[in-house]
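What follows is a single structure, written as structure tokens, with notes after it.
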Amino acid sequence: MTDFYCSTKTVRRELSLEEKLHILADAAKYDVSCTSSGSSRRGKTGYLGNSVAAGICHSFSADGRCISLLKILYSNECIYDCRYCASRRSNDRPRATFTPDEICRLTMEFYRRNYIEGLFLSSGICKSPEYTMEQIYLTVLRLRRVYRFNGYIHVKAIPRAPKELLTMTGFLADRMSVNMELSAQENLEKLAPHKTFSSIFQPMKQIAGQIAASRLFLGKPARMERHHANRYLTGSIFDRPSLGDSLPGETPGDFSLQLAKEKAPFVPAGQSTQIIVGAAAESDYQLLQTSQNLYRRFDLKRVFYSAYIPVNEDPLLPPPDTQVPLLREHRLYQADWLLRFYGFQAEELLTPDRPNFNPLLDPKCDWALRHLERFPVEINQASFEELLRVPGIGTKSASRIVNARRFGSLDFSHLKKIGVVLKRAGYFITCGGSMMFSVPLEEKFLTRQLTMGEQKQNWEISHPQTCRQLSIFDIGGILP
């Protein structure tokens, strides 16, 4: 029997597996930190599946979010009452809880039918953090050892759960994540009073330290992304010591013995987190600084940004008719890419006096227009780092430019073949001393020129298609 909870009373009723799947797959759509890049594991005799760095198959939910086909909660019952959460304790909504065996059966049946390539498993805090993390661990253990599933698995690390459970789960999962959700202490106290930053950072710290120890034990660099040379550009956020500990997290004394015993990497695809955009009065500058600090301190693989969807009526939240800030979310993802791969700092992109991005421009264009004294850049002489700061030039095209100009001078026709987006870059570069457009380098004029070409794309991001997408429930006879 399964509890079916309402706010006023508890009704005992048994839910079918399909009913549970409807409830818990729908409840999982608000968690966006679910990409699977970074883990590669070949198939082996006696096991089903493998994990490739290209990632999980994804579909799109009706609200436009990219989700994995089997993205579910273990339970949407929760002892916490976070105001922004659809599964908050005080909400009057259907409640369901899987058993570990039910999740395993679903995963295997969907995998055998080629609907999925992995599992994303999160949960509300059911009964207690310890109980919830234990059930997640038992699910993943059973999936690996009994069902012999060798595919990709991403699970949530539950704050306040015992360290031993996190460690044991980390040897079975490819990625773990702890959702931070809010960036300011006062907002956390108002909107999620049961949570604290210390309880969120503790598992992040532990996982970061154990990932580093595991990589060193296996003969790899301690940090996750050292093989990406672009992440260690001079002046990048990874080119200086952490704001806190250089590699936070003291590993347990017997962790090396456990590494030798398990003979498996610890969370090989790294850890991630999620930040909600728009639930509280937090500027882009605050959110980007928080992401920068998390990358430095905990060597995160990704920080995901989730545009707040008004699902609850609460005086401390935006009103229910508030438009979902999808374009703002998009700009934060673009800025996050600049931090990770282009050598930018959060303090360069935004300031306390100018704390939000211009929604009509991508963040690199916005930065370039505020630093016109650095332009135009001569393509045939600029360093790799200078090329990366030109709007319309990415990491691949910058590398191609540096390699190609060894054999002769480049002109605009060469740049087009290389892949440079000249409709943006043409305002900020010269080839042999000549500009592509004879225009003044003036901020207001260039802003008008650049935003004219972005209007259609910005509208499409702000107004995503609402047509119905393919669902696992459209296909009959898939449940075991």
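Everything numeric here is computed off the predicted structure, so don't read it as measured data. These numbers come from the heavy atoms of this one structure, side chains and all, not from hydrogens, waters or symmetry mates.
Across every non-hydrogen atom of Ala368 and Pro391, the tightest pair is CB-CG, 3.7 Å. Nearest approach of Gly394 to Tyr342, heavy atoms of both residues: CA-OH, 3.3 Å. When all heavy atoms are compared, the tightest approach of Thr167 to Phe266 is O-CE1, 3.3 Å. For the residue pair Pro363 and Leu338, the shortest heavy atom distance occurs at CB-CD1, 3.9 Å. Here the closest non-hydrogen pair linking Ser272 and Phe304 is CB-CE1, 3.8 Å.
Pairs engaging residues 411-420 under the salt bridge (charged side-chain N to carboxylate O under 4.0 Å, His left out) rule: none recorded [sequence neighbours left out]. Applying the salt bridge (charged side-chain N to carboxylate O under 4.0 Å, His left out) test to residues at least two apart or on different chains, the pairs with a partner in residues 304-317 are Arg83-Asp314, Arg88-Asp314.
Put simply, the side chain of Asn179 never gets that close to the backbone of Thr273: no donor and acceptor are under 3.5 Å apart. In this structure, the side chain of Lys301 does not engage the main chain of Ala269 through any donor-acceptor pair within 3.5 Å. A distance-only check finds a donor-acceptor pair linking the side chain of Gln206 to the backbone of Lys163 [under 3.5 Å]. Looking only at distances, a side-chain donor or acceptor of Ser291 sits under 3.5 Å from a matching main-chain atom of Leu287. A donor-acceptor contact shorter than 3.5 Å is absent between the side chain of Glu77 and the backbone of Cys126. Arg89 contributes no side-chain N or O that, together with a main-chain N or O of Cys78, makes up a donor-acceptor pair within less than 3.5 Å. Although no hydrogens or angles enter the test, the distance criterion places a donor-acceptor pair under 3.5 Å between the side chain of Gln286 and the main chain of Ser283. In terms of modelled atom types and a separation under 3.5 Å, the side chain of Ser199 and the main chain of Lys195 share no donor-acceptor contact. A side-chain donor-acceptor contact under 3.5 Å links Arg406 to the backbone of Asn403. Under a 3.5 Å cut-off, the side chain of Glu442 and the backbone N or O of Lys444 do form a donor-acceptor pair.
Two residues are said to be in side-chain contact when any heavy atoms from C-beta on lie closer than 4.5 Å; Arg302 and Tyr333 meet this criterion. Contact of the Val303 side chain with the Tyr295 side chain is registered, since non-hydrogen atoms from C-beta on lie closer than 4.5 Å. Side-chain contact between Ser122 and Tyr74 is absent, with no heavy-atom pair separated by less than 4.5 Å. Taking the side chain as every heavy atom from C-beta outward, Pro159 and Gln202 never approach each other to under 4.5 Å. Tyr84 has its side chain within reach of Glu181: a pair of non-hydrogen atoms, C-beta onward, lies under 4.5 Å apart. The closest side-chain heavy-atom distance from Leu446 to Cys365 is not below 4.5 Å. Contact of the Val390 side chain with the Phe375 side chain is registered, since non-hydrogen atoms from C-beta on lie closer than 4.5 Å. The side-chain heavy atoms of Leu387 and Ile379, taken from C-beta on, include a pair separated by under 4.5 Å.
The structure places CG of Leu415 at 5.0 Å from CD1 of Ile429, a figure rounded to the nearest 0.5 Å. We find the CG-CD1 distance between Leu388 and Ile393 to be 8.5 Å, quoted to the nearest 0.5 Å. Here the CD1-OG distance, from Ile125 to Ser75, works out to 9.5 Å after rounding to the nearest 0.5 Å. Taken from OG1 in Thr139 to CG in Leu121, the straight-line distance is 6.0 Å, to the nearest 0.5 Å. In this structure, the separation between CG on Leu450 and CZ on Phe445 is 9.5 Å, given to the nearest 0.5 Å. Separation of atoms CZ (Arg340) and OG1 (Thr395) is listed at 11.5 Å; rounding is to 0.5 Å.
Under the side chain to side chain donor-acceptor pair (under 3.5 Å) criterion, Glu189 pairs with Gln185, sequence neighbours left out. For Phe197, the ring-ring contact (aromatic ring centres under 6.0 Å, His included) partners two or more places apart in sequence, or in a different chain, are Phe201. Taking the side chain to side chain donor-acceptor pair (under 3.5 Å) definition, one finds that Thr290 meets it with nothing, sequence neighbours left out. By the ring-ring contact (aromatic ring centres under 6.0 Å, His included) test, Tyr285 pairs with no residue at all, sequence neighbours left out. Residues that satisfy the side chain to side chain contact (heavy atoms under 4.5 Å, CB included) test with Ser409, not counting sequence neighbours, are Asn380. For Phe437, the side chain to side chain contact (heavy atoms under 4.5 Å, CB included) partners two or more places apart in sequence, or in a different chain, are Tyr427, Val439. Taking His371 as the reference, Trp367 meet the side chain to side chain donor-acceptor pair (under 3.5 Å) condition, with sequence neighbours excluded. Applying the side chain to side chain contact (heavy atoms under 4.5 Å, CB included) criterion to Asp284, with sequence neighbours excluded, gives Arg328, Leu332, Leu350, Asn356, Phe357. With sequence neighbours excluded, the residues satisfying side chain to side chain contact (heavy atoms under 4.5 Å, CB included) with Ala280 are Leu182, Asn187, Leu191, Glu282. By the side chain to side chain donor-acceptor pair (under 3.5 Å) test, Tyr137 pairs with no residue at all, sequence neighbours left out.
A donor-acceptor contact closer than 3.5 angstrom is absent between the side chains of Tyr80 and Ser87. No side-chain N or O of Ser177 forms a donor-acceptor pair with one of Gln271 less than 3.5 Å apart. In the model, Ser123 has no side-chain atom that pairs as donor or acceptor with a side-chain atom of Lys156 under 3.5 Å. The closest side-chain donor-acceptor pair between Glu329 and Ser306, if any, does not fall under 3.5 angstrom. No hydrogens or angles considered: nothing links the side chains of Gln381 and Glu386 as a donor-acceptor pair under 3.5 Å.
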- Can Ile207 and Leu300 be said to form a side chain to side chain contact (heavy atoms under 4.5 Å, CB included), step by step? CA-CA 10 Å; Ile207 293 169; Leu300 295 191; over 6 Å; no
- Dump the intermediate steps for side chain to side chain contact (heavy atoms under 4.5 Å, CB included) on Glu117 and Tyr152, then the final yes or no. CA-CA 7 Å; Glu117 293 186 54; Tyr152 180 88; over 6 Å; no
- Task: Kindly indicate, with the supporting measurements, whether the criterion side chain to side chain contact (heavy atoms under 4.5 Å, CB included) is fulfilled by Thr430 and Val377.
- Result: CA-CA 6 Å; Thr430 59; Val377 168; over 6 Å; no
- Apply side chain to side chain contact (heavy atoms under 4.5 Å, CB included) to the pair Leu361 and Asn358, showing each step before the final yes or no. CA-CA 6 Å; Leu361 290 169; Asn358 182 343; 3.7 Å; yes
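Salt bridge absent: Glu130 and Arg160 never bring a charged side-chain N and a carboxylate O closer than 4.0 Å. Between Asp362 and Arg424, at least one side-chain N (NZ, or NE/NH1/NH2) sits under 4.0 Å from a carboxylate O, which counts as a salt bridge.
Seen from the ring of Phe344, Arg389 counts as a face-on cation partner, given the 6.0 Å and 45° thresholds.
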